[in-house]
Amino acid sequence: MPLSVQIKHSRAEYAVFMARVIRFEREAAIRAQDWDKLISYMTVSEQVGQMLMPDVRQWNGKATTTVNEGLKRSIHDQDLGGLILFDKNIVDVRQLTTFTHDMQREAGDIPLFLSIDQEGGVIKRIPGGTNLPGQMALGATGDAALAEAAGQLTGEELKALGIQINFAPVLDINSNPDNPIIGIRSFGSEPDLVTRLGLATIKGLQQSGVMAAVKHFPGHGDTQVDSHLGMPVLTHHRERLDAVELKPFRAAIENGVEMIMTAHIAFPAIDNEHVTSLKDGERVPIPATLSKKVLTGLLREELGYKGLIISDAFTMNAIAEHFGENTSVERAVSAGVDIILMPKDSAAAHQTLVNAVNNGTIKDETIHASVKRILEMKAKYGLFERNQTLAQKLTQINGIIGSKEHRAVEQKIAERAVTVLSSREVMLPDQIQQGDRVVIVAAEQDQANQLEKQLLQAANNLSLKTEIALVGQGKMNETLQAIGKANYVILASYQFRNVASQFGWSDYQTLINAVNKSNLRYTLLSLGNPYEMIYLQNVRSGLAVYGKQEPNTSAGIKVLLGQLKPGGQLPVQTD
């Protein structure tokens, strides 16, 4: 055999031998939970891959609900450390359980962090799961034990489905009624209430074996811009931030929270650096996600936080439009972010980080510290213990997802939350009576249909007649005519994902004036942000249920029928 062939053969054998040695050493490091040793055997690609958590919504024009070739390539080519799931990835609980199981099998020796936004209320993902009434409903109950139960049952369901991280609870204090994105996602407008219920929810999630990822640090509650769409700037002085926005985050850190999500919001009192926007060439402030002063100086050094820092989604305009993704990814990691959530181009983000490490722009020590935190947390939450078969998982979910016990908590929160809204001092709203002709007025047909169905089911012995009318859409005359024939009017209001002061309140005021003038029995039924009393006058009868989901609306209907007394306390300021 020629010498060159022998050398080539020997090199190939040596490469195979070394690959086996490295695999053995990696396995030994994992068994010993020696993360420094494991990192020493990881390539730069593998290390920075642990710091990426993209979404996988589509491949070849179809929703990703199985481990397809596109997902396989992403996991392996980018050495991904985690993924976030959305409703488009979910068909039902059996499919989701199978999907998460198969993704972990594809991941190799270092498991994936699988995450989801399951706040409850308006932000939910799991079909067939327990549909909690939402955080502001919990705020109206004021009950920390219920908040803990909500966190625990949510965690139990997510863990059974193969998900380890829940991006909840929201610790933003919704002190601004014009906030277009938080609203009923918050527990309320008082720092003490948000802190108390936030800590209870974190405790419940952690007890169930799911990590709570609180958001949005340092606070998204007092903004009038949705960071999905633009760049919010919070101009409060530092003393105000300490007293309000930072209070629940500080308490969460002191009580062992393990993941904090950053906000794409600028806080000039902490970091007043400005850069030139790629969008329009204007000078724009640096948001918290890209600020070393916020993430390392404030969060790590001043507040003493030791856990994981994850960014909010990099697809949001506050980041995407102004800074450019590659620069943003590099800057976020340099600022202190451990995990980049939802880069617009995860392959490019991965290569950007590899290049930054190789050329010394980002120090090895920065990457190693983040990767070690990630591996430690994966071990703490049992991800390296792969001892359940898919068949066992599928059998287990039947008694957990949407169980009778979980539904009972769901109903209890919704019923305890119902709150009287009124311009007068009353304890109860106007009641629906035997034989009433009830007109249900709503902005959307689906909302009206749901209320009508629930009303007829709950009052099957009252011989009610019902009619649906719509507010807005040029239908005022038609709606007023329907109201003129009614004995009772349910006027449903849903304000969310817009600035409250710019909502179409004039139509609602016209209808309230009409029912007051006719002396009709009625209730203004607030299904969203409960700020109606700021903008509407002379509301004689009103209720807030803090969501348009079935548990919330069902509880409101029970109050209107006299089957339930409203005991909730409004958790936001309306004066």
Side-chain angles (χ1 to χ4, degrees), residues 119 135-136 138-139 147 167-202 212-228 230-255 257 259-273 285-305 307 309-312 316 318-319 335-337 499-500 529 531 571-573:
E119 299 171 14
Q135 287 193 191
M136 194 167 284
L138 275 165
F167 293 124
V170 172
L171 294 187
D172 303 314
I173 296 163
N174 205 73
S175 55
N176 188 341
D178 273 347
N179 192 319
I181 189 59
I182 302 301
I184 49 176
R185 297 170 62 197
S186 167
F187 290 113
S189 63
E190 296 300 321
D192 289 341
L193 176 68
V194 173
T195 299
R196 186 164 57 85
L197 298 188
L199 292 180
T201 305
I202 293 166
V214 300
K215 54 193 183 186
H216 305 81
F217 182 85
H220 204 321
D222 192 12
T223 64
Q224 288 181 247
V225 176
D226 178 356
S227 53
H228 292 84
M231 167 76 78
V233 180
L234 200 61
T235 58
H236 295 308
H237 52 74
R238 179 58 198 271
E239 291 77 12
R240 147 69 193 243
L241 294 176
D242 283 328
V244 180
E245 279 78 13
L246 292 177
K247 187 169 186 176
F249 290 102
R250 191 188 296 271
I253 291 166
E254 292 171 353
N255 284 271
V257 73
M259 183 176 278
I260 293 177
M261 179 182 284
T262 67
H264 300 331
I265 301 175
F267 292 81
I270 304 171
D271 189 347
N272 199 30
E273 179 185 356
I286 290 293
T289 300
L290 307 184
S291 170
K292 191 167 186 175
K293 289 182 180 179
V294 173
L295 300 187
T296 299
L298 174 61
L299 183 53
R300 290 274 185 221
E301 295 171 359
E302 185 177 337
L303 299 183
Y305 179 58
I309 300 175
I310 188 166
S311 74
D312 206 342
M316 294 162 65
I319 293 288
V337 169
V499 175
N529 295 334
Y531 294 118
V572 293
Q573 292 293 321

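These numbers were taken from a predicted model, which means no experiment stands behind them. All values below come from the heavy atoms of this structure, side chains included, with hydrogens, waters and symmetry mates left out.
Contact annotation: the side chain of Leu241 never approaches that of Pro218 to less than 4.5 Å [non-hydrogen atoms, C-beta and beyond]. Annotation: side chain of Val214 is not in contact with side chain of Thr201 (no heavy-atom distance under 4.5 Å). Inter-residue side-chain proximity for Leu303 and Phe217 is flagged as met; some heavy-atom pair is nearer than 4.5 Å. By the 4.5 Å heavy-atom criterion applied to side chains, Arg300 and Leu295 are not counted as neighbours. A 4.5 Å side-chain heavy-atom check between Val170 and His220 finds every atom pair outside the cut-off. Side-chain contact between Arg240 and Glu245 is present, with at least one heavy-atom pair separated by less than 4.5 Å. In this structure the side chain of Glu190 never reaches within 4.5 angstrom of the side chain of Pro571, judged on heavy atoms.
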side-chain contact (heavy atoms from CB on, under 4.5 Å) evaluation trace for Val572 with Met136 = CA-CA 9 Å; Val572 293; Met136 194 167 284; 3.5 Å; yes
Starting from the C-alpha separation in whole Å, work towards a yes-or-no answer on side-chain contact (heavy atoms from CB on, under 4.5 Å) for His236 and Asp242.
-> CA-CA 10 Å; His236 295 308; Asp242 283 328; over 6 Å; no
What's the verdict on side-chain contact (heavy atoms from CB on, under 4.5 Å) for Thr296 and Glu301, showing C-alpha distance, side-chain angles and the deciding distance?
-> CA-CA 6 Å; Thr296 299; Glu301 295 171 359; 3.5 Å; yes
Decide side-chain contact (heavy atoms from CB on, under 4.5 Å) for Ile202 and Asn255; before the verdict, give the C-alpha distance in whole Å, the side-chain angles of both, and the deciding distance to 0.1 Å.
-> CA-CA 9 Å; Ile202 293 166; Asn255 284 271; over 6 Å; no
Yes or no on side chain to side chain donor-acceptor pair (under 3.5 Å) for Asp271 and Ser291, after CA distance, side-chain angles and deciding distance?
-> CA-CA 7 Å; Asp271 189 347; Ser291 170; 2.6 Å; yes
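A donor-acceptor pair is defined here as one N or O able to donate and one able to accept, closer than 3.5 Å; no such pair exists between the side chain of Ser186 and the backbone of Ile173. Between the side chain of Tyr305 and the backbone N or O of Met259 there is at least one donor-acceptor pair closer than 3.5 Å. With hydrogens and angles disregarded, no donor-acceptor distance shorter than 3.5 Å links the side chain of Asp178 to the backbone of Val499.
Minimum interatomic distance between Pro285 and Met231 (heavy atoms only, all atoms of both residues): O-CE, 3.5 Å. Across all their heavy atoms, Phe267 and Gly219 have their closest contact at CZ-O, 3.3 Å. Considering all non-hydrogen atoms of both residues, Pro169 and Gly198 come closest at CG-O, 3.8 Å. Taking both residues in full, the closest heavy atoms of Asn174 and Ser189 are given as O-CB, 3.4 Å, listed atom of the first, atom of the second, then distance. Across all their heavy atoms, Ile265 and Leu234 have their closest contact at CG2-N, 4.2 Å. Considering every non-hydrogen atom in both Val337 and Thr289, the closest pair reads CG2-O, 3.7 Å.
Remark: Met261 CE to Asp312 CG distance equals 5.0 Å, nearest 0.5 Å. In this structure, OH in Tyr531 is found 7.5 Å from CG in Asn179, a value given to the nearest 0.5 Å. Annotation: the span from Phe187 atom CZ to Ile182 atom CD1 amounts to 12.5 Å, rounded to 0.5 Å. Between the CD1 atom of Ile286 and the CD1 atom of Ile270 there is a distance of 14.0 Å, given to the nearest 0.5 Å. For the atom pair Ile310 CD1 and Thr262 OG1, the distance stands at 8.5 Å (nearest 0.5 Å). Separation of atoms NZ (Lys215) and CD (Glu119) is listed at 3.5 Å; rounding is to 0.5 Å.
A salt bridge is defined here as a Lys NZ or Arg NE, NH1 or NH2 lying under 4.0 Å from an Asp or Glu carboxylate O, and Arg185 with Asp172 fails to meet this definition. Between Asp192 and Arg196 there is no salt bridge, since none of the side-chain N atoms of the basic residue sits less than 4.0 Å from a carboxylate O of the acidic one.
Applying the side-chain contact (heavy atoms from CB on, under 4.5 Å) test to Thr235 and every residue at least two apart in sequence or in another chain returns Val233.
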